[in-house]
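Here the structure is laid out as structure tokens; the discussion comes afterwards.
Quick caveat, the model's predicted, so the values are computed rather than measured.
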Amino acid sequence: MRVTRNYRSGMLNVRNRNKGSQSSLLQSVLSRNSTGRLASLLGNKKNTGLSSAIDRNFINTTDTKSQKFYYDMQYHAKQVGEYANALKSKEKDSIYDKAKESGSTEQIVSDIKSFVNQYNNMMKDLKESGSRTDSNFLMQFNSMSRLDERDLALTGVTRKSDGTLAVDEKKLEAADVETLEKVWGGNGFASKAAAKAGSVEATAGRNIEAEKSSIYSPFDRANLYNSGIRNTGSYFNYRR
């Protein structure tokens, strides 16, 4: 009986060792080939392959920088619209009427400088975005500034090669009220820029909301707004 018990004990040990070897082999295979999450359940905490990619995407999705980017774009576009609306005004007691009464163009000059500053910020945002929608906006603004390039130059505002604007302060301050009103008032460049800036502001707002919703759905970023057009490879507005 002693021999039999020893024999049976030996056989059980062999089976346990084999079972342990199979478990170790399974764990090893899963550690190398799994997405990382199954492997972690077996004691392997190192994420590899798809798991790492998923984790990185989740981190990028929840990164507030992209939201801040669109908040900045929204703000710059709104400012362009506000300064442009003040400059294009034809209502009684407009800044041009006040300038004619006071003999000073100081307020007009100040609004034009502020408009140019915010316009340039918005143009840089659109260029940095790189999305199809924002690239289209960029081309439209460039087209508008080219068409009005000569008129803008009469007030010391010139168009640079990258589409942004530059101000010659001495020439701007020397321009008379009639010239300033002709170039910046009515349906001129300021009016057209205000209309398009409103579209940029609205689009940035939708992108902000889409970025917020993507925090709760890290695997689906296709919902980010892009005028209903799907880009190849990347069909969302995302700061690069």
Side-chain angles (χ1 to χ4, degrees), residues 69-205 207 227 237:
F69 174 78
Y70 287 114
Y71 274 119
D72 288 345
M73 180 186 287
Q74 184 182 52
Y75 172 78
H76 295 148
K78 183 177 182 180
Q79 290 291 294
V80 168
E82 289 182 356
Y83 284 114
N85 286 331
L87 289 166
K88 73 173 187 177
S89 176
K90 280 188 173 183
E91 297 179 1
K92 187 178 179 180
D93 294 329
S94 68
I95 56 175
Y96 303 106
D97 291 336
K98 292 178 180 179
K100 291 172 184 177
E101 291 177 3
S102 65
S104 171
T105 61
E106 184 177 353
Q107 184 61 55
I108 302 173
V109 169
S110 176
D111 284 353
I112 291 175
K113 288 180 181 179
S114 296
F115 169 88
V116 169
N117 181 52
Q118 297 299 335
Y119 180 89
N120 289 343
N121 287 334
M122 181 186 65
M123 292 291 281
K124 291 174 183 177
D125 291 337
L126 293 173
K127 184 176 181 180
E128 186 175 350
S129 168
S131 75
R132 181 176 297 181
T133 299
D134 290 338
S135 294
N136 286 336
F137 283 139
L138 192 65
M139 288 189 293
Q140 291 167 19
F141 280 112
N142 280 328
S143 178
M144 288 190 299
S145 62
R146 287 192 191 97
L147 291 174
D148 291 303
E149 194 167 2
R150 288 186 178 181
D151 287 340
L152 292 173
L154 294 175
T155 62
V157 178
T158 56
R159 181 183 178 278
K160 299 168 69 174
S161 59
D162 62 355
T164 58
L165 303 176
V167 178
D168 182 334
E169 294 190 13
K170 289 184 178 181
K171 189 170 184 178
L172 175 60
E173 292 170 359
D176 56 53
V177 179
E178 288 74 18
T179 300
L180 292 171
E181 185 174 13
K182 179 183 176 181
V183 174
W184 293 94
N187 298 318
F189 179 72
S191 177
K192 291 181 284 187
K196 191 59 60 179
S199 297
V200 173
E201 181 184 353
T203 301
N207 281 324
S227 291
N237 286 343

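- No donor-acceptor pair closer than 3.5 Å links the side chain of S143 to the backbone N or O of M139.
- Between N117 and V167, every side-chain heavy-atom pair lies at or beyond the 4.5 Å cut-off.
- Side-chain atoms of Y96 come within 3.5 Å of backbone atoms of L87 as a donor-acceptor pair (strictly under, hydrogens ignored).
- For the pair S110 (side chain) and E106 (backbone), a donor-acceptor distance under 3.5 Å is absent.
- The backbone N or O of D151 sits nowhere less than 3.5 Å from a side-chain atom of D148 that would complete a donor-acceptor pair.
- Between the S135 side chain and the S131 main chain, a donor and an acceptor come within less than 3.5 Å of each other.
- Annotation: side chain of F137 is not in contact with side chain of D125 (no heavy-atom distance under 4.5 Å).
- A salt bridge links E169 with K113: the closest approach of a Lys/Arg side-chain nitrogen to an acidic carboxylate oxygen falls below 4.0 angstrom.
- The line from CD of E82 to CD of E201 is 8.0 Å long, rounded to the nearest 0.5 Å.
- Between K100 and E181 there is a side-chain heavy-atom pair separated by less than 4.5 Å.
- Closest non-hydrogen pair, T155 versus A175, comes out as CA-CB, 4.5 Å.
- Side-chain atoms of F189 and L152, non-hydrogen and from C-beta on, do get closer than 4.5 Å to each other.
- Counting only distance, with no hydrogens or angles, the side chain of K196 and the backbone of L138 share no donor-acceptor pair below 3.5 Å.
- Minimum interatomic distance between S129 and D134 (heavy atoms only, all atoms of both residues): OG-OD2, 2.6 Å.
- Taking CE of M73 as the start and OG1 of T203 as the end, the distance is 9.0 Å to the nearest 0.5 Å.
- Distance OH/Y70 to CG/N207: 4.5 Å, rounded to 0.5 Å.
- Pairing each heavy atom of A193 with each of V80, the nearest pair is O-CG1, 4.3 Å.
- For the atom pair Q140 CD and L126 CG, the distance stands at 10.0 Å (nearest 0.5 Å).
- Taking 4.5 Å as the limit, every side-chain heavy atom of K160 sits out of range of all side-chain heavy atoms of L165.
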Inset, instruction - In sequence, state the C-alpha distance, the side-chain angles, and the governing distance for D111 and I95, and then conclude on side chain to side chain contact (heavy atoms under 4.5 Å, CB included). - result: CA-CA 10 Å; D111 284 353; I95 56 175; 4.0 Å; yes
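- Taking CZ of F115 as the reference point, atom CG of N85 lies at 10.0 Å (rounded to 0.5 Å).
- Closest approach of G205 and Q74 over heavy atoms only: CA-NE2, 3.5 Å.
- With ring centers used as reference points, Y119 lies under 6.0 Å from F141.
- Separation of atoms CZ (R159) and CG (L147) is listed at 10.0 Å; rounding is to 0.5 Å.
- One N or O on the side chain of S102 and one on the backbone of K98 form a donor-acceptor pair closer than 3.5 Å.
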Legend entry - Verdict with reasoning, T179 to D176, per side chain to side chain donor-acceptor pair (under 3.5 Å): CA-CA 6 Å; T179 300; D176 56 53; 2.8 Å; yes
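- Closest heavy-atom contact between N142 and G163: OD1-CA, 3.1 Å.
- Listed here is the closest heavy atom pair of A197 and G81: CB-N, 4.3 Å.
- Of the options M123, K127, M122, a side chain to side chain contact (heavy atoms under 4.5 Å, CB included) to T164 is made by M123 and by none of the others.
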